[in-house]
Asker: 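Just passing along the structure, written as structure tokens.
Residues: numbered from 1 along the sequence shown. As the structure is a prediction and not an experimental result, all values here were calculated from the model. Scope of the values below: all heavy atoms of this structure, side chains included, with no hydrogens, waters or symmetry mates.
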Amino acid sequence: MPDGSGRSGVVDNLIVGSGLAGLAAGMALRARGVPFEVLDVGYDLDTVTGESVTELSRQHPRDWNSQTSGGLFPPPKASTSGVQRRLLFGSDFPYRIPMALKVRMENCATELTHGIGGFGNVWGAAMLPYSDHALRNWPIDKLDLDQSYRNVLRYVPLSGERDNLEVLFPIHTEQATRLERSPQIDALLKSCDQRKEKFSKLGVNFGRARVAVKSDGMAGACRYCGKCLDGCVYGAIFNPRHVWNELERSERLIHRGNYALEFKEHDDHVLVTSVGIEDGSIRTWRTRRLFLASGHFATARMIARSLGHFNETIRIADSQYFFFPLLSYKALREEARFSLAELFLEILNKDISDSFMHFQVYGMNEIFRQTLRSLIPAPLPISAITNRFYMFQGYLNSAQSGHLELEVGSASRAHDEIVIRGMENPAAVKTARKAQALLRKAFLHFGVIPPAYLKLVPPGRSFHTGGSFPMGGSHAVYSSDTLGRPAGLRRVHIVDSANFPDVASSTIGYTIMANADRIVRKCSELAA
């Protein structure tokens, strides 16, 4: 394996990508004592920003230097369409695209990531498994996936509560800790509890949000500073980047600065070609087994290029989301001390959809405050609304959502060009409206959901996307087997969401990690 020193060799396993899927694959291999290495562009925080993060991490939020914290947590750029782009400590490194790749987007709002840790740097950390109902079209053993959910929680912290959600969504660990409830969310949950029977008749299940956040009160746990959506200086929100940094201190694992172009499978190995993002040098990597974990767009691009399928439409499933506010009758004055999802609602109502709809409920935070300010003329006070405000964010199953199409155009020795198009589905907004009406009825006792306001984001904006090479699919090329091997290949495995048969409305990161763990465990049973 080239390592910059001119030496070469063969590695048992090569992972392309360092996000949630890549980390889960790596941790599964590591747990079995199997050697592996990682290939990634690996954009990262700059040194000065990293030093500022370290400085604040050693202090209580009340002692933060305002100049330092102001640089790490700039005001969000929000509008009636929501936040434009979540940054990490003011940095856009997760979204940077190397010169080796040219991307054109049409009728969609999505992103690609080439940062170390991938979108795990800016995700919402929501951690709900797929239900049995959501997995009904998956050609895998549900018990295998359950074991992998448990495996993931051996190194990913989980905050949640044992409540109504457990009936359909097991918690998979005895080590879950509990975040403090804000008065705002506590009032909403108690109201739901009082009307549990009515909710059940409407097909609504509810409970405290489950998030990958350390909340045990020990070192590195949540300090309730309210900056969750901007980056956690304490490392309480799980981020693959932190794990890779720890692993790199003890062993050299990641070959940063390499954009993976293509692969070629041979009888007993796979050759992977990459280009250096700094000097444009071409490198060849030899591995016995290749795991593709760089995200559905990058994985689809790399497979299509490697197999010579240019200018072909590759369909990618999407779970669009929509949002609307609820204004409670009672005002509660409080500062946002935790700004990730606080409550989950799971709806299965045949009058709306034959699939679950997943909702995440948020209290007031700075992003929503900026959004409200863009709606209300400047001279008018917004406190009457902010003290009563909850945001409901709903996700659609991919069957009711629009979808994306990807084409790999011209490709040279060291360069790729792709087009990503958004394709709308008229059923999306209709389904969202029905769900909004049901929740308006369910929460009439607690507050008012404005009947006219509902925002459906464009395809791709949720980042809950995949299925370009679905497991169990019938297409000769654009499908994969239960080990994520596409197009009849034997040593190449998709371990990100590109192999999902469909995209459920539920949170996606947890299932991406579990499925990657499952595939690696099954691969370990195969002969080299």
Side-chain angles (χ1 to χ4, degrees), residues 1-30 34-44 93-94 96-101 112-121 240-241 243-245 247-248 251-266 269-306 411 413-416 484 486 489 491-496 498 512 516 519-520 523:
M1 181 68 65
D3 62 2
S5 64
R7 293 175 294 178
S8 63
V10 178
V11 65
D12 283 342
N13 302 280
L14 180 65
I15 301 170
V16 176
S18 63
L20 296 172
L23 179 67
M27 294 299 280
L29 290 165
R30 191 168 183 265
V34 178
F36 70 93
E37 298 183 31
V38 180
L39 199 64
D40 199 18
V41 172
Y43 291 130
D44 206 342
F93 81 85
R96 293 175 194 160
I97 295 177
M99 293 294 291
L101 176 64
L112 286 78
T113 180
H114 295 86
I116 190 73
F119 284 129
N121 288 287
R241 177 174 161 269
V243 183
W244 289 125
N245 287 340
L247 291 175
E248 283 187 298
E251 49 188 309
R252 192 176 190 281
L253 289 172
I254 304 178
H255 299 275
R256 303 189 189 217
N258 287 280
Y259 172 76
L261 285 165
E262 61 187 15
F263 61 82
K264 184 173 180 58
E265 184 177 272
H266 298 271
H269 68 278
V270 181
L271 289 180
V272 180
T273 302
S274 72
V275 57
I277 62 171
E278 295 294 335
D279 58 10
S281 61
I282 301 296
R283 301 179 184 178
T284 302
W285 312 78
R286 182 184 174 107
T287 181
R288 292 190 178 91
R289 200 166 293 281
L290 176 64
F291 295 97
L292 301 179
S294 51
H296 49 271
F297 293 130
T299 290
R301 176 213 52 86
M302 190 174 180
I303 296 173
R305 173 181 171 131
S306 299
R413 180 171 176 267
H415 188 263
D416 284 314
L489 298 170
R491 295 179 174 275
V492 178
H493 303 262
I494 299 169
V495 293
D496 57 33
I512 287 174
I519 290 173
V520 169
C523 285

Asker: Is any side-chain heavy atom of Leu20 closer than 4.5 Å to one of Pro240?
Answerer: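 Side chain of Pro240 against side chain of Leu20, heavy atoms only: contact under 4.5 Å found.
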Asker: Nearest 0.5 Å, what's the CZ-CD1 distance between Arg289 and Ile15?
Answerer: 12.5 Å
Asker: Suppose we screen for salt bridge (Lys or Arg N to Asp or Glu O under 4.0 Å). Which residues come up paired with Glu262, at least two apart in sequence or across chains?
Answerer: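 Salt bridge (Lys or Arg N to Asp or Glu O under 4.0 Å) list for Glu262, sorted by chain: Arg305.
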Asker: Between Thr287 and Val11 (side chain of the first, backbone of the second, donor and acceptor by atom type, cut-off under 3.5 Å), is there such a pair?
Answerer: yes
Asker: Can you check whether Ile116's main-chain N or O pairs, donor with acceptor, with Asn121's side chain at less than 3.5 Å?
Answerer: yes
Asker: Check whether Asp40 reaches the backbone of Ile254 with its side chain - one donor and one acceptor, N or O, closer than 3.5 Å.
Answerer: no
Asker: Taking all heavy atoms of Pro98 and all of Ile277, pick out the closest pair and write down the distance.
Answerer: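 Looking at all heavy atoms of both residues, the shortest contact is CB-CG2, 3.9 Å.
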Asker: So if I apply the side-chain contact (heavy atoms from CB on, under 4.5 Å) rule between Arg288 and each of Asn13, Asp12, Leu14, Val270, which one comes out positive?
Answerer: Asp12
Asker: Is Phe263 close to Ile303 at the side-chain level, that is, under 4.5 Å between some pair of heavy atoms?
Answerer: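 The answer is yes; the side chains approach within 4.5 Å.
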Asker: Quick check: His114 with Tyr43 (ring centres under 6.0 Å apart)?
Answerer: no
Asker: Is there side-chain contact between Leu290 and Val16, with heavy atoms separated by less than 4.5 Å?
Answerer: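 Yes, close enough: below the 4.5 Å cut-off.
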Asker: Under the side-chain contact (heavy atoms from CB on, under 4.5 Å) rule, what do Lys264 and Ser306 come out as? Steps first, then yes or no, please.
Answerer: CA-CA 7 Å; Lys264 184 173 180 58; Ser306 299; over 6 Å; no
Asker: Is there a side-chain contact (heavy atoms from CB on, under 4.5 Å) between Tyr259 and Ile97? Walk through the geometry before answering.
Answerer: CA-CA 10 Å; Tyr259 172 76; Ile97 295 177; over 6 Å; no
Asker: Would you give the length of the straight line joining atom CD1 of Ile512 to atom NE2 of His296, rounded to the nearest 0.5 angstrom?
Answerer: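 Atom-to-atom, Ile512:CD1 and His296:NE2 are 8.5 Å apart.
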Asker: Evaluate Leu292 against Val492 for side-chain contact (heavy atoms from CB on, under 4.5 Å), listing each step before the verdict.
Answerer: CA-CA 7 Å; Leu292 301 179; Val492 178; 3.8 Å; yes
Asker: Nearest 0.5 Å please: distance from the NE2 atom of His493 over to the OG1 atom of Thr299.
Answerer: 13.5 Å
Asker: Looking only at heavy atoms, which two atoms of Trp244 and Leu253 are closest? And how far apart?
Answerer: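 Closest pair (atom of Trp244, atom of Leu253, distance): CZ3-CD1, 4.5 Å.
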Asker: Return yes when atom CD of Glu251 has more than 12 non-hydrogen atoms of other residues, nucleotides or ligands closer than 6.0 Å, and no otherwise.
Answerer: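 Yes, because the 6.0 Å sphere around CD of Glu251 holds more than 12 heavy atoms from other groups.
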Asker: Of all heavy-atom pairs between Leu261 and Arg301, which one has the smallest distance, and what is that distance?
Answerer: O-NH1, 3.0 Å
Asker: Where do Pro94 and Gly118 come nearest, in terms of heavy atoms and distance?
Answerer: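 So the two residues come closest at CB-O, 4.3 Å.
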Asker: Give the minimum heavy-atom separation between Ala293 and Val495, together with the two atoms involved.
Answerer: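 It is CB-CG2, 3.6 Å.
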Asker: Check the pair Trp285 / His255 against side-chain contact (heavy atoms from CB on, under 4.5 Å), numbers first and verdict last.
Answerer: CA-CA 11 Å; Trp285 312 78; His255 299 275; 3.6 Å; yes
Asker: If you measure from CZ on Phe93 to OG1 on Thr113, what distance do you get to the nearest 0.5 Å?
Answerer: 7.5 Å
Asker: Just by distance, do the side chain of Ser18 and the backbone of Gly117 share a donor-acceptor pair under 3.5 Å?
Answerer: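 At least one qualifying donor-acceptor pair exists.
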Asker: For Ala28 versus Val520, what's the shortest heavy-atom pair and its separation?
Answerer: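 In terms of heavy atoms, the two residues are closest at CB-CG1, 3.6 Å.
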Asker: Could you tell me whether Glu248 and Arg256 have a side-chain N and a carboxylate O separated by less than 4.0 Å?
Answerer: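 Result for this pair is yes, salt bridge flagged.
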